[in-house]
Amino acid sequence: MDIIFYHPSFKAEKWINGLQQRLNARVRVWQPGDEAHADYALVRQPPLEMLQGRSELKGVFALGAGVDDILSQLRQHPTMLAENVPLFRLEDTGMGRQMQEYAVWHVLGWFRRFNEYQQLKTEARWQHLTNNSREAFSIGILGAGVLGSSVAESLRFWGFPVRCWSRSPKDLLGVTSFHGADQLDAFLSGSKVLINLLPNTPQTEGILNRQLLSKLQPEAYLINLARGAHLVEEDLLAAIEAGEVKGAALDVFVEEPLKRDHPFWAHPAIAITPHNAAVTLPDEAMDYLAHAIQQREAGEMPAGRVDLSRGY
C-alpha cells in the first residue's frame with residue numbers, strides 16, 4: 001500500500017521509518033505536484049491540493065486529537081475530501097495521560113492554595129490560609145469524549161466531586177452527567193473548577209464568555225485545554241476583575257504564539273503554557289495508525305472516525 005505524509009513541523013523521517021516497520025507499506029512525504037496513487041493520507045494542516053480529487057483514499061488520518069484545521073478548509077472547499085473517504089482523529093495515543101497531569105496539577109494547586117502561598121512568599125509573609133472543602137470543590141468538565149472522560153477519572157481518584165456536560169447523554173462511572181442546552185446552566189452552577197475539553201466547532205466558538213463564566217460558583221477557576229477560539233479573552237479578564245473567576249490556566253489562545261504585550265502574560269491569576277498540555281507522542285500514534293490501517297484493510301472501521309456533520 002502507499003501512504004502519503006504531511007506535517008508542517010514534524011520530522012518526517014522518524015514517522016516514515018516507524019510506519020514502514022509496522023506496516024508493509026511505502027510511505028512518502030507529500031510534495032506539491034504529487035498526484036501519484038495513495039491509499040491513505042496522514043496529515044496535519046494539509047494543503048488543499050494534497051487531498052482534493054483523491055477519491056481512491058481509504059482513509060485520512062489527522063495527526064492530532066483536533067480536526068478543526070481540516071474541517072475549516074472543508075467548509076470553504078467542500079470537495080477537498082471525497083464523500084466516500086472517512087476522516088479519523090487520534091482519540092488518545094498518550095494525550096489522555098498528559099491532560100490528566102495538567103488538570104490534576106492545577107486543581108490540586110488551587111485546592112491547596114499553593115499559588116497563594118507562593119504569592120505570600122514574594123511578600124515574606126508567614127500566614128496560614130483556610131483550607132478548601134473537598135466536597136465543595138466540584139470539578140465541571142465541558143466535553144465528555146475520550147479526553148474528557150480520562151480527565152474526569154483522574155480527578156475522581158483524588159476524591160473531588162466531578163460532573164461533566166456534553167451534547168448528548170453520557171454515562172461515566174462516579175460522574176454526574178449533564179447534556180444539552182437545557183442542562184448547561186445547572187451544570188455550571190455546581191462547578192467550582194471548569195475544565196474545557198470541547199471540540200472546536202462553529203457552535204462552540206466563544207462559548208467561554210462572560211455570560212457563561214458568571215454562572216459558575218463564586219471565585220471559580222478555569223482550565224482551557226481545547227482551543228483558543230473557545231475563550232473570549234477579554235471576558236475572562238473582566239470576570240477576574242469582577243471576582244467571578246479567581247484563577248485560570250490556559251494552554252491555548254486565539255493567536256499563537258501569544259504576543260509579548262498580551263495582558264495575560266503579566267496577570268498574576270493566569271497561568272500560561274505554550275499549547276503543550278498534551279502533544280502527539282510518535283510511537284503511541286504510530287501504533288494506533290498501524291492498527292487502524294490494518295483494520296481498514298480488513299474491511300473494519302477503526303475508532304476515531306469523525307462525524308463531519310457534528311465536527312468531531
Side-chain angles (χ1 to χ4, degrees), residues 97-142 148 151-164 175-176 187-197 208-226 228 230-254 258-278:
R97 175 66 63 87
Q98 295 174 77
M99 292 290 192
Q100 289 179 353
E101 294 164 349
Y102 193 103
V104 169
W105 166 269
H106 286 288
V107 169
L108 290 180
W110 291 325
F111 173 66
R112 292 292 307 275
R113 307 185 71 172
F114 293 144
N115 58 318
E116 295 173 76
Y117 281 118
Q118 285 303 302
Q119 179 58 42
L120 290 173
K121 174 181 177 291
T122 65
E123 303 168 14
R125 290 173 58 192
W126 183 279
Q127 178 181 342
H128 289 280
L129 301 175
T130 304
N131 291 336
N132 284 307
S133 163
R134 191 178 303 273
E135 293 73 23
F137 214 81
S138 58
I139 314 298
I141 301 174
L142 277 171
V151 170
E153 180 183 0
S154 67
L155 289 165
R156 193 171 63 84
F157 170 83
W158 287 94
F160 294 106
V162 179
R163 49 180 47 207
C164 70
V175 177
T176 304
F187 161 79
L188 295 168
S189 65
S191 299
K192 182 69 172 181
V193 179
L194 183 66
I195 302 176
N196 178 43
L197 279 164
L208 301 177
N209 53 37
R210 184 68 187 279
Q211 182 180 17
L212 181 142
L213 295 173
S214 68
K215 294 176 181 178
L216 297 168
Q217 289 188 5
E219 295 190 323
Y221 298 91
L222 172 69
I223 299 177
N224 190 13
L225 291 170
H230 288 132
L231 176 65
V232 181
E233 295 180 344
E234 58 269 26
D235 283 8
L236 173 60
L237 292 169
I240 293 175
E241 182 68 24
E244 297 166 351
V245 172
K246 190 172 183 179
L250 308 177
D251 184 58
V252 288
F253 305 90
V254 173
L258 195 64
K259 290 184 177 180
R260 292 178 63 87
D261 61 350
H262 197 290
F264 283 172
W265 284 116
H267 204 296
I270 298 176
I272 289 174
T273 46
H275 201 150
N276 67 346

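As the structure is a computational prediction, the values presented were derived from the model and not from experiment. Note that the numbering runs from 1 along the sequence shown for the chain.
- Remark: R260 engages no residue in a salt bridge (charged side-chain N to carboxylate O under 4.0 Å, His left out) (not counting sequence neighbours).
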Where do E116 and Q127 land on the side-chain contact (heavy atoms from CB on, under 4.5 Å) test, with the steps shown first?
-> CA-CA 10 Å; E116 295 173 76; Q127 178 181 342; over 6 Å; no
Check against side-chain contact (heavy atoms from CB on, under 4.5 Å), L208 and L236 | CA-CA 8 Å; L208 301 177; L236 173 60; over 6 Å; no
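- Closest approach of V254 and G228 over heavy atoms only: CG2-O, 3.5 Å.
- The number of heavy atoms from other shown groups lying within 6.0 Å of CZ (R134) is above 12.
- Side-chain atoms of V162 and V151, non-hydrogen and from C-beta on, never get closer than 4.5 Å to each other.
- Among all heavy-atom pairs drawn from A238 and R210, the shortest one is CB-NH1, 3.5 Å.
- Atoms CG and CD1, on L237 and I270 in that order, are 5.0 Å from each other to the nearest 0.5 Å.
- A distance-only check finds a donor-acceptor pair linking the side chain of Y117 to the backbone of L129 [under 3.5 Å].
- Between the side chain of R163 and the backbone N or O of F187, at least one donor-acceptor pair lies under 3.5 Å.
- At least one side-chain heavy atom of I195 sits under 4.5 Å from a side-chain heavy atom of L155.
- Between H106 and W110, the ring-plane angle classifies as tilted under the 30° and 60° cut-offs.
- Classified by interplanar angle (parallel below 30°, tilted 30° to 60°, perpendicular above 60°), the ring pair F253/F264 is tilted.
- Distance check: H230 NE2 to L142 CG gives 9.0 Å after rounding to the nearest 0.5 Å.
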Verify side-chain contact (heavy atoms from CB on, under 4.5 Å) between V104 and F157, making sure each step is shown before the conclusion.
-> CA-CA 10 Å; V104 169; F157 170 83; over 6 Å; no
Could you please spell out the steps behind the side-chain contact (heavy atoms from CB on, under 4.5 Å) verdict for F160 and F111?
-> CA-CA 10 Å; F160 294 106; F111 173 66; 3.8 Å; yes
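- Across all non-hydrogen atoms, the minimal contact from T130 to R113 is O-NH1, 2.9 Å.
- Closest non-hydrogen pair, S191 versus S138, comes out as CA-OG, 3.6 Å.
- L120 contributes atom CG, which lies 10.0 Å from atom CG of N115 (distance to the nearest 0.5 angstrom).
- Annotation: R97, atom CZ; neighbour count of heavy atoms from other residues, nucleotides and ligands within 6.0 Å does not exceed 12.
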Could you pull out all donor-acceptor pairs under 3.5 Å where a side-chain atom in residues 218-225 meets a protein atom, sequence neighbours excluded?
| residue | atom | partner | partner atom | Å |
| --- | --- | --- | --- | --- |
| N224 | OD1 | N196 | ND2 | 2.9 |
| N224 | OD1 | A226 | N | 3.3 |
| N224 | ND2 | R227 | O | 3.2 |

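- Summarising the local packing, CD of E153 is surrounded by 12 or fewer heavy atoms from other residues, nucleotides or ligands at distances under 6.0 Å.
- The CD atom of E234 lies 10.0 Å from the CG atom of N209; values are rounded to the nearest 0.5 Å.
- Residues A277 and Q98 approach most closely at O-CB, 3.4 Å, considering heavy atoms.
- Shown here for Q217 and S189, the closest heavy-atom pair between the two residues is CG-O, 3.3 Å.
- For the atom pair CG of L194 and CG of L212, the computed distance is 6.5 Å after rounding to the nearest 0.5 Å.
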